[in-house]
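Sharing a structure, written as structure tokens. Questions coming.
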Amino acid sequence: MKSASTRPQVGVSVCALIVLAALPIEEVGPWSALWTAPSILIAAMLIAWAAESAQFFIAQGFALAILAWLQTLPEFAVEAVLAWKQQAPLLLANLTGALRLLTGLGWPMIYATAAFFHRRREGKPLRAIHLEDEHCVEVVGLLFCMAYAAVIWWKGSLNLADAGVLIGIYVAYLIVLSKMPVQEAEGIEDLERIPRAIVTASKRTRVGAITGLFAAGGALIYFTAEPFLGSLLAVSATIGVSNFVFVQWVAPFVSEFPEKVSAFYWARTIDRASMALMNMVSSNINQWTLLAAMLPIVYSLSRGEPSAIPFDPQQRLEILMTLGQSLVGTLFLINMELAWWEAGLLFALWAVQFGLSPITPGPGLIRTLARHIHAMVTYAYLGWSAVEVVRMAAGRRKPLAFQLFGQMWRKYVR
């Protein structure tokens, strides 16, 4: 009798949730960006401080993976709001923009930071950032992400089965990382002031501070994520830039800013530039897997039934461009280093499509370029990927990551 009487109430609750999810993103004025953007930034900083303090007590590879996930919680929150509101074009804009920012801007800026301080300290240029042997796990892991991302692009949709596979890839990645030997931990002197104070405090104070920072950051994100998105849409309408472009670039830049600050802080020490780069690579992996997996789950919950997120031709192009960029970047790391010209190429290709994205297509050279720039840059990424594969087959680029991964697998995993 009890279950029969509660069934209508459950049905009403589910319907209410579906109606709520169908509502548009909360409408706010453009001036709201003056408090929502700083709130998201502060939340991300609080979480970053807590994550950096917590990861100090975990082995490096595993710690970087967890740290990268914790640092991108604001990005997850923004995507969750978009998925819950069933804003498929905008959630894919945010996902692809965040991934392209990491590889096209984040990786090159880590090299540029390390190169600047290297020249200042050594008086000579830094030719490349050399990775540690254990970083082969991140490089090979990113290639596995690319392989399944290609399947998702090919079939033109993202569904719950894809979510299961992506989560499985990430769990396998974490398991392999957990088997790796403990490496030299980040020194206390390399931490920023607040994480350093937390790490050196008593255990009770440390646990309380880390928990409090996570709780405060999470609360800020919970109450600010939707108004933040609404303010971005209002600003984009005010200045005449499409919602797609604004959400693709501004939202991930704000939500991921503290993560980049932490990575650049490590890069300036030069010796930890490879760790800074792997922090970014770990973020690529968790966004290609966990973040992408979250989207059809939240999307299906909001619709009240298992649902796939379909891609239109423009969204498929955005995904293919992002996939091509990540593939080129990963192939650059196959020989366990990021050379100066590789960082420069990644930045140049990102910068040209970023600069032309806000321009409305139309007559004239610049507007014509704006119409075709995404396709042109996509062809450039895919073409360069083919060149790197040929170079590797010809022995011009050594696949050290594969060789080292095989050794690590036999020694620590199998």
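Both backbone and side-chain heavy atoms feed into the values below; hydrogens, waters and symmetry mates do not. As the structure is a computational prediction, the values presented were derived from the model and not from experiment.
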Name all residues meeting the salt bridge (Lys or Arg N to Asp or Glu O under 4.0 Å) criterion together with Arg391; count only those two or more places apart in sequence or in a different chain, and write none if there are none. Glu388
Do Met376 and Leu369 come close enough that some side-chain heavy atom pair is under 4.5 Å? yes
Going from CG on Leu102 to CH2 on Trp288, what distance comes out if it is rounded to the nearest 0.5 angstrom?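 It comes to 11.0 Å.
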Donor-acceptor contacts, no H, no angles, side chain residues 109-128, under 3.5 Å, sequence neighbours left out:
from: Tyr111; atom 1: OH; to: Leu126; atom 2: O; distance (Å): 2.5
from: Thr113; atom 1: OG1; to: Met109; atom 2: O; distance (Å): 2.7
from: His118; atom 1: ND1; to: Lys124; atom 2: O; distance (Å): 3.0

Would you say that Ile319 contacts Ile152 through its side chain, given a criterion of any heavy-atom pair below 4.5 Å between the two side chains? no
Counting N and O atoms only, with roles assigned by atom type, does the side chain of Ser300 sit under 3.5 Å from a partner on the main chain of Ser307, one being a donor and the other an acceptor? yes
Tell me, please, which residues at least two apart from Glu337 pass side chain to side chain donor-acceptor pair (under 3.5 Å). His130
With sequence neighbours excluded, residues passing ring-ring contact (aromatic ring centres under 6.0 Å, His included) with Phe311: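 Testing Phe311 for ring-ring contact (aromatic ring centres under 6.0 Å, His included), a comparison that skips the adjacent residues, returns none.
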Is there a donor-acceptor pair under 3.5 Å between the side chain of Asn286 and the backbone N or O of Ser282?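 Checking the backbone N and O of Ser282 against the side chain of Asn286, a donor-acceptor pair under 3.5 Å is found.
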Can you tell me if Gln407 and Gln403 form a side-chain donor-acceptor pair at under 3.5 Å?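 No - no donor-acceptor pair under 3.5 Å links their side chains.
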Does any part of the side chain of Leu295, heavy atoms only, come nearer than 4.5 Å to the side chain of Glu79, both counted from C-beta? yes
For the side chain of Ser302 and the backbone of Tyr299, is there at least one donor-acceptor N/O pair under 3.5 Å apart?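 Such a contact is found between Ser302 side chain and Tyr299 backbone.
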Test item: Leu131 and Val139 side chains (from C-beta on) under 4.5 Å apart, heavy atoms: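 Leu131 reaches Val139 side chain to side chain.
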Applying side-chain contact (heavy atoms from CB on, under 4.5 Å), can you list everything that pairs with Pro306, at least two apart in sequence or on another chain? Leu160
So, do Cys136 and Leu400 sit near enough that their side-chain heavy atoms are less than 4.5 Å apart? no
How would you list, by chain and number, every residue that makes a ring-ring contact (aromatic ring centres under 6.0 Å, His included) with Trp341, sequence neighbours excluded?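 Per chain and number, Trp341 pairs via ring-ring contact (aromatic ring centres under 6.0 Å, His included) with Phe332.
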With a sphere of 6.0 Å drawn around NZ of Lys155, does it hold more than 12 non-hydrogen atoms of other residues, nucleotides or ligands? yes
Whether over 12 other heavy atoms sit under 6.0 Å from Phe144 CZ: no
Determine whether Leu327 and Leu323 make a side-chain contact, defined as any pair of heavy atoms from C-beta on separated by less than 4.5 Å. no
In this structure, which one of Ile175, Val165, Ile285 forms a side chain to side chain contact (heavy atoms under 4.5 Å, CB included) with Tyr170?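 When side chain to side chain contact (heavy atoms under 4.5 Å, CB included) is applied between Tyr170 and each of Ile175, Val165, Ile285, only Ile285 qualifies.
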Would you say that Tyr148 contacts Asp162 through its side chain, given a criterion of any heavy-atom pair below 4.5 Å between the two side chains?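 A side-chain contact exists here, since the closest heavy-atom pair is under 4.5 Å.
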Taking C-beta and beyond as the side chain, do Arg100 and Gln353 meet within less than 4.5 Å on heavy atoms?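 The answer is yes; the side chains approach within 4.5 Å.
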